Amino acid sequence: MEVLELQKKIRRVLKEKNAILLSHNYQRDEIQEIADLAGDSLELSIKASKSDCEIIVFCGVHFMAESASILSPEKTVLLPRPDAGCPMADMISADKIIDKKREIPEATVVTYVNSSADVKAESDICCTSANAISVINSVKSETVLMIPDKNLAKYASKFTDKKVLWWEGYCPIHDRLSVKEVLESKAIYPNALFVAHPECRPEVLELADHICSTSGMYEYAKNTDNEAFIIGTEMGILYRLRKENPKKSFFLASKCLFCPSMKLTTLNSVLQAITELSNVVKVPEEIRISAKKALDKMLAVPRDRAGKAKGDSAIAN
Ligand code: 13P
Ligand code: SF4
């Protein structure tokens with residue numbers, strides 16, 4: 001089937017089934033094009049929980065569909081490709097957190113939303129790439145353990161007086177962006193601003209004009225007068241950046257910024273999942289309740305502009 005025909009068919013079946021299509025900012029262009037909502041993982045789950053749809057089709061990776069299930073237990077959540085996992089989320093498990101908590105009982109466990117439901121359930125509070133600093137500053141303890149991304153932890157540690165410990169996890173996509181590649185891009189596009197995601201290595205972040213979550217990048221590109229930007233995050237973000245800013249130019253800092261898991265989802269897999277109602281992601285109730293507590297605690301941390309900590313970027317809801 002042609003792309004346009006497939007897109008129309010998906011929209012028709014979604015309507016028939018009272019379903020909503022969510023797309024993470026890193027999804028293929030043709031999926032972002034027909035999504036009801038596009039955004040970062042938490043933003044999408046929060047918005048979907050407020051919709052009166054019966055089915056959520058989550059075009060993203062497994063932990064994102066789990067977050068949707070945690071926040072919308074009454075809805076059926078479908079992940080078109082059940083094998084779309086996140087290598088960073090897989091670098092930590094609930095058992096490993098339990099061991100670590102025994103080792104450092106004084107630390108509050110702050111877990112990035114890029115983690116499984118089991119891991120969230122063992123955590124004290126969650127954070128996103130947009131609010132990590134506000135979250136760290138909001139906890140009572142003087143020591144925090146950030147899980148699973150060491151790069152986000154190192155970045156956040158620069159904006160707080162608390163002692164920040166971290167798990168040695170990382171996103172293989174962002175972590176492989178090198179200083180050399182960024183400097184080469186800067187030499188080719190000397191007038192462009194370099195915008196980087198906090199999952200990048202500290203030495204790469206040192207070169208950034210602005211550091212923010214994916215949603216923060218849309219806001220920054222729109223509100224900054226500069227006409228050119230070098231982008232330090234997964235290539236899927238270019239679709240909306242270019243669409244929303246037709247007069248501005250966006251260059252990817254490296255060809256390596258491609259997440260294979262994010263690109264597993266295709267229009268065909270979306271159509272199959274929604275037609276057959278297959279690949280349901282359902283978080284067991286016991287885990288869901290504990291994981292939701294960690295998410296709710298995070299959502300209670302003030303994140304409006306006035307309360308935004310230095311170093312944090314966008315607002316997720
Ligand atoms: P955000 O969209 O929350 O910035 O996360 C980036 C990411 O790597 C998601 O997989
Ligand atoms: Fe996981 Fe990184 Fe891919 Fe996001 S970009 S899904 S963090 S591997």
Side-chain angles (χ1 to χ4, degrees), residues 22-28 31-32 35 37-47 58-68 79-81 83-92 111-116 119-120 126-135 146-153 155-156 167 169-177 195-201 204-205 208 210-221 231-241 252-254 256-265 295 298-299 303 311-317:
L22 309 187
S23 165
H24 186 267
N25 296 325
Y26 297 161
Q27 287 289 296
R28 291 169 185 268
I31 288 176
Q32 294 195 45
L37 297 169
D40 64 40
S41 64
L42 190 73
E43 176 187 9
L44 290 174
S45 293
I46 293 170
K47 286 185 181 159
F58 209 124
C59 300
V61 291
H62 194 262
F63 74 79
M64 298 181 178
E66 281 190 329
S67 293
L79 179 69
R81 284 292 299 251
D83 50 346
C86 166
M88 173 164 71
D90 293 342
M91 289 178 190
I92 178 84
T111 295
Y112 189 22
V113 288
N114 292 25
S115 56
S116 70
V119 163
K120 288 187 180 82
C126 288
C127 75
T128 71
S129 53
N131 66 10
I133 297 143
S134 304
V135 168
M146 283 200 73
I147 282 171
D149 187 7
K150 63 176 177 182
N151 289 334
L152 178 64
Y155 168 68
W167 190 256
Y170 57 91
C171 162
I173 316 310
H174 288 85
D175 192 69
R176 71 183 168 213
L177 177 62
V195 194
H197 194 280
E199 288 174 18
C200 295
R201 290 184 207 176
V204 165
L205 296 181
H210 189 63
I211 300 167
C212 56
S213 67
T214 54
S215 297
M217 288 193 192
Y218 298 122
E219 202 181 280
Y220 183 70
I231 299 298
T233 195
E234 210 274 347
M235 62 185 301
I237 197 155
L238 295 174
Y239 167 74
R240 221 172 105 198
L241 281 174
L252 205 61
S254 161
C256 292
L257 290 165
F258 173 91
C259 176
S261 303
M262 280 286 178
K263 300 298 190 272
L264 281 175
T265 311
L295 280 173
M298 173 191 82
L299 295 172
R303 283 180 302 135
D312 275 347
S313 63
I315 301 144
N317 58 349

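Counting convention: from 1, in listed order, for ligands and their atoms alike. Note that the structure is a prediction, hence the values are computed from the model and not measured.
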Proximal ligand 1 atoms for [X], defined as those under 4.0 Å from one of its heavy atoms:
X	result
M64	9 (C), 10 (O)
S129	1 (P), 3 (O), 4 (O)
E199	6 (C), 7 (C), 8 (O)
Y112	5 (O)
H197	1 (P), 4 (O), 5 (O), 6 (C)
H24	2 (O), 9 (C)

Just by distance, do the side chain of [X] and the backbone of [Y] share a donor-acceptor pair under 3.5 Å?
X	Y	value
D40	E43	yes
S261	G85	yes
E199	L152	no
E234	T214	no
Q27	Q32	no
W167	T111	no

Specify the protein heavy atom at minimum distance from [atom]: its residue, its atom name, and the distance to 0.1 Å.
atom	value
atom 2 (O) of ligand 1	T214 OG1, 2.6 Å
atom 1 (Fe) of ligand 2	C86 SG, 2.4 Å
atom 3 (O) of ligand 1	D40 CB, 3.5 Å
atom 4 (Fe) of ligand 2	Y26 CE1, 4.1 Å
atom 8 (S) of ligand 2	P87 CD, 3.4 Å
atom 6 (C) of ligand 1	Y26 OH, 3.3 Å
atom 3 (Fe) of ligand 2	C259 SG, 2.4 Å

Report, in ascending order of atom number, the atoms of ligand 2 lying under 4.0 Å from any heavy atom of [X].
X	value
M88	7 (S)
E199	7 (S)
N114	7 (S)

Taking all non-hydrogen atoms of both residues into account, name the closest pair between [X] and [Y] and its distance.
X	Y	answer
S23	L44	O-CD1, 3.4 Å
F63	A89	CD2-CB, 4.2 Å
A253	G232	CB-CA, 4.4 Å

Q) Can you tell me if OH on Y220 sees more than 12 non-hydrogen neighbours from other groups inside 6.0 Å? A) yes
Q: May I ask you to identify, for N114, whether its side chain, its backbone, both or neither come under 4.0 Å of ligand 1 on a heavy-atom basis?
A: side chain
Q: Of the side chain and backbone of E43, name the one, both, or neither that has a heavy atom under 4.0 Å from an atom of ligand 1.
A: neither
(Q) By the definition side chain to side chain contact (heavy atoms under 4.5 Å, CB included), identify the one residue from C256, P260, C200 that meets it with I173. (A) P260
Q) Would you say C171 reaches atom 1 (Fe) of ligand 2 with an N/O/S atom under 2.8 Å? A) no
Q) At what distance, to the nearest 0.5 angstrom, does OH of Y170 lie from CG of N151? A) 10.0 Å
**Q.** Spacing of CG belonging to L295 relative to NZ belonging to K120, to within rounding of 0.5 Å
**A.** 6.0 Å
Q. Is it true that E234 lies under 4.0 Å from ligand 2, counting heavy atoms only?
A. no
Q: Could you tell me if any non-hydrogen atom of H24 lies under 4.0 Å from any atom of ligand 2?
A: no
(Q) When you compare ligand 1 with H174, is there at least one nitrogen or oxygen pair between them that comes in under 3.5 angstrom? (A) no
Q) Are any of the N or O atoms of S213 closer than 3.5 Å to those of ligand 1? A) no
Q: Could you check whether the rings of H174 and Y26 sit parallel, tilted or perpendicular, using 30° and 60° as the cut-offs?
A: tilted
Q. M88: heavy atom below 4.0 Å from ligand 1, yes or no?
A. no
